[in-house]
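Nothing here was measured: the structure is a model prediction, and the numbers come from that model.
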Amino acid sequence: MDCDGILLGMGNPLLDISSVVDQDFLDKYDLKLNNAILAEEKHLPLYEEMASKYSVEYIAGGATQNSIRVAQWMLQVPGATSYMGCIGKDKFGEEMKKNSKLAGVNVHYYEDEAAATGTCGVCVLGGERSLVANLSAANCYKSEHLKRPENWALVEKAKYYYIAGFFLTVSPESILLVAEHAAANNKVFMMNLSAPFICEFFKDVQEKVLPYMDFVFGNETEARTFSKVHGWETENVEEIALKISQLPKASGTHKRITVITQGADPVVVADDGKVKLFPVILLPKEKLVDTNGAGDAFVGGFLSQLVQEKPIEDCVRAGCYAANVIIQRSGCSFPEKPDFH
């Protein structure tokens, strides 16, 4: 099938500054493992301190960009994926462009003159990660960029769209433009719950976009927060996934499918009033390097099969494969070629 430009992602491109840290460092900046937050004033010295105190790696990141890069890697078809977001005109921005082009993704960045390229502190301890994002330029994306003919052409060409929930904090207008286009043209629009704080503090804007979501991704912590915020009074992930899948939809063309990962526990898929559980590939603890990007990689693997119209079972299997590869490496990075069959 023709895969050219089939999948489009939009989000917050961030350069990951990744390092193994100690508990004192986490305590100093009030960080919790397995969590993602936006940097406040008190977190701003963290990036310099990481770079001076630990051995750090720089990796092109940001949740959506990670998923798109992994999907591109799994597909091995140059130009199958496109991506938009905002970077600064600086060395980190150049690093990001180089990184993405090498990955084979067709990137159309909006370059902001005034703000620095966004960064994300990836603090790793015992294989678990805590993320602190300083959005900076990523926060400056404007829907005017999306509406430019050369960029809107990417929207028209794509048949599948994926946007992490983090982008709700930046440009809900851009998200709705793409969501409405997808609904009007029988295309597939997908989002991720992304973090508990998105479900809590951006509930109103999340609810505006929810009717357009044909697929909702998330992990168990985000699903439980979503349930709590909506007053559902259940912590049962299968029940929550089912309820999300049954929320009202803008278009009746596609039914909504909810996909919730639970770390080492089975993946929960709610589809058509039924819930299915899929076991993940278990990894011995000593092989675990770092969980950063595991959820993003799962989505990327999943999307690589979905755009080829493979059954959900194959999509989940590919998602689990990609996540398994990523957690055995530092950051959201991967070998040259996948060996997924």
Side-chain angles (χ1 to χ4, degrees), residues 1-11 13 15-16 57-85 95-109 151 153-164 187-190 192 214-215 217 259 261 267 278 280-281 283 287 289-341:
M1 61 183 294
D2 178 24
C3 276
D4 188 40
I6 195 163
L7 172 63
L8 171 65
M10 289 173 74
L15 195 69
D16 281 352
E57 276 187 274
Y58 296 99
I59 302 160
T64 307
Q65 185 162 245
N66 283 342
S67 296
I68 297 297
R69 281 172 52 240
V70 170
Q72 178 62 49
W73 170 68
M74 291 281 287
L75 282 163
Q76 293 284 310
V77 178
T81 63
S82 312
Y83 175 80
M84 284 186 250
E95 187 68 34
M96 193 92 78
K97 284 195 276 195
K98 194 176 78 189
N99 246 302
S100 308
K101 290 203 172 92
L102 276 174
V105 178
N106 177 17
V107 292
H108 282 215
Y109 292 125
N151 298 327
L154 298 179
V155 177
E156 299 204 308
K157 189 183 222 182
K159 296 190 175 71
Y160 295 83
Y161 308 91
Y162 174 70
I163 302 175
K187 295 174 175 186
V188 179
F189 180 80
M190 303 169 277
N192 202 308
D214 299 310
F215 280 80
F217 294 93
V259 184
T261 57
V267 178
F278 297 91
V280 302
I281 308 161
L283 188 71
K287 282 194 167 177
V289 174
D290 135 25
T291 57
N292 180 39
D296 303 337
F298 173 85
V299 173
F302 189 102
L303 298 180
S304 72
Q305 304 307 300
L306 187 71
V307 302
Q308 299 179 71
E309 297 175 8
K310 298 281 175 65
I312 292 294
E313 290 75 6
D314 290 0
C315 298
V316 174
R317 212 163 52 79
C320 292
Y321 164 79
N324 188 264
V325 169
I326 298 296
I327 60 176
Q328 296 184 63
R329 301 167 67 90
S330 180
C332 192
S333 63
F334 30 79
E336 195 185 334
K337 287 208 163 48
D339 59 358
F340 174 75
H341 306 295

Practice task
Flag the pair C320 / F278 as yes when at least one side-chain heavy-atom distance between them is below 4.5 Å, and no otherwise.
Solution key: no
Handout entry: Distance (rounded to the nearest 0.5 Å) between D16 CG and Q65 CD
Key = 9.5 Å
Practice task
For Q72 and I68, indicate whether the former's side chain and the latter's backbone hold a donor-acceptor pair under 3.5 Å.
Solution key: no
Fill in the blank from the handout: To the nearest 0.5 Å, atom CZ of F340 lies from atom CG of N324 at 12.0 Å
Exercise for the section: Check whether any side-chain heavy atom of M84 lies under 4.5 Å from a side-chain heavy atom of V155, and answer yes or no. Expected result: yes
Problem - Interatomic distance, L7 atom CG to L306 atom CG [nearest 0.5 angstrom] - result: 9.0 Å
Exercise for the section: Give a yes or no answer on whether the side chain of R317 reaches the backbone of H341 with a donor-acceptor pair at less than 3.5 Å. Expected result: yes
Exercise for the section: Check M190 against Y160 and note the closest heavy-atom contact, atom names and distance. Expected result: CE-CB, 3.9 Å
Practice task
Please report the closest heavy-atom contact between A60 and N66, naming both atoms and the distance.
Solution key: O-OD1, 3.5 Å
Handout entry: Check: S67 and F217 side chains under 4.5 Å, non-hydrogen atoms
Key = no
Practice task
Examine the side chains of K187 and Y161 and answer whether a donor and an acceptor come within less than 3.5 Å of each other.
Solution key: yes
Handout entry: S304 side chain to L75 backbone, donor-acceptor under 3.5 Å
Key = no
Fill in the blank from the handout: Minimal heavy-atom distance between V70 and A297, with the atoms involved, is CG1-O, 3.7 Å
Fill in the blank from the handout: Distance col, row H108:NE2 vs L8:CG, nearest 0.5 angstrom, shows 9.5 Å
Handout entry: Whether Q328 side chain and V325 backbone form a donor-acceptor pair below 3.5 Å
Key = no
Problem - P338 and Q76, any side-chain heavy atoms less than 4.5 Å apart - result: yes
Problem - Minimum-distance pair of heavy atoms, taken over all atoms of A63 and A164 - result: CB-CB, 3.9 Å
Exercise for the section: Please identify each residue that fulfils side-chain hydrogen bond (donor to acceptor under 3.5 Å, both in side chains) with K159, with sequence neighbours left out. Expected result: none
Handout entry: D214 side chain to F189 backbone, donor-acceptor under 3.5 Å
Key = yes
Exercise for the section: For the pair Y321 (side chain) and I281 (backbone), establish whether a donor and an acceptor sit closer than 3.5 Å, ignoring hydrogens and angles. Expected result: no
Practice task
Drop me the distance from R329's CZ to I59's CD1, to the nearest 0.5 angstrom.
Solution key: 9.5 Å
Practice task
Mind listing the closest non-hydrogen atom pair of I327 and A294 along with its distance?
Solution key: CG2-CB, 3.5 Å
Exercise for the section: Check whether any side-chain heavy atom of L303 lies under 4.5 Å from a side-chain heavy atom of F215, and answer yes or no. Expected result: no
Problem - V267 side chain near V259 side chain, heavy-atom distance below 4.5 Å - result: yes
Handout entry: Polar side-chain atom of Q305 near backbone of K310 as donor-acceptor pair, under 3.5 Å
Key = no
Practice task
Identify the heavy atoms of R69 and F334 that sit nearest to each other, and give their distance.
Solution key: O-CZ, 3.8 Å
Fill in the blank from the handout: Per side-chain hydrogen bond (donor to acceptor under 3.5 Å, both in side chains), Y162 is matched among N192, T64, T81 by N192
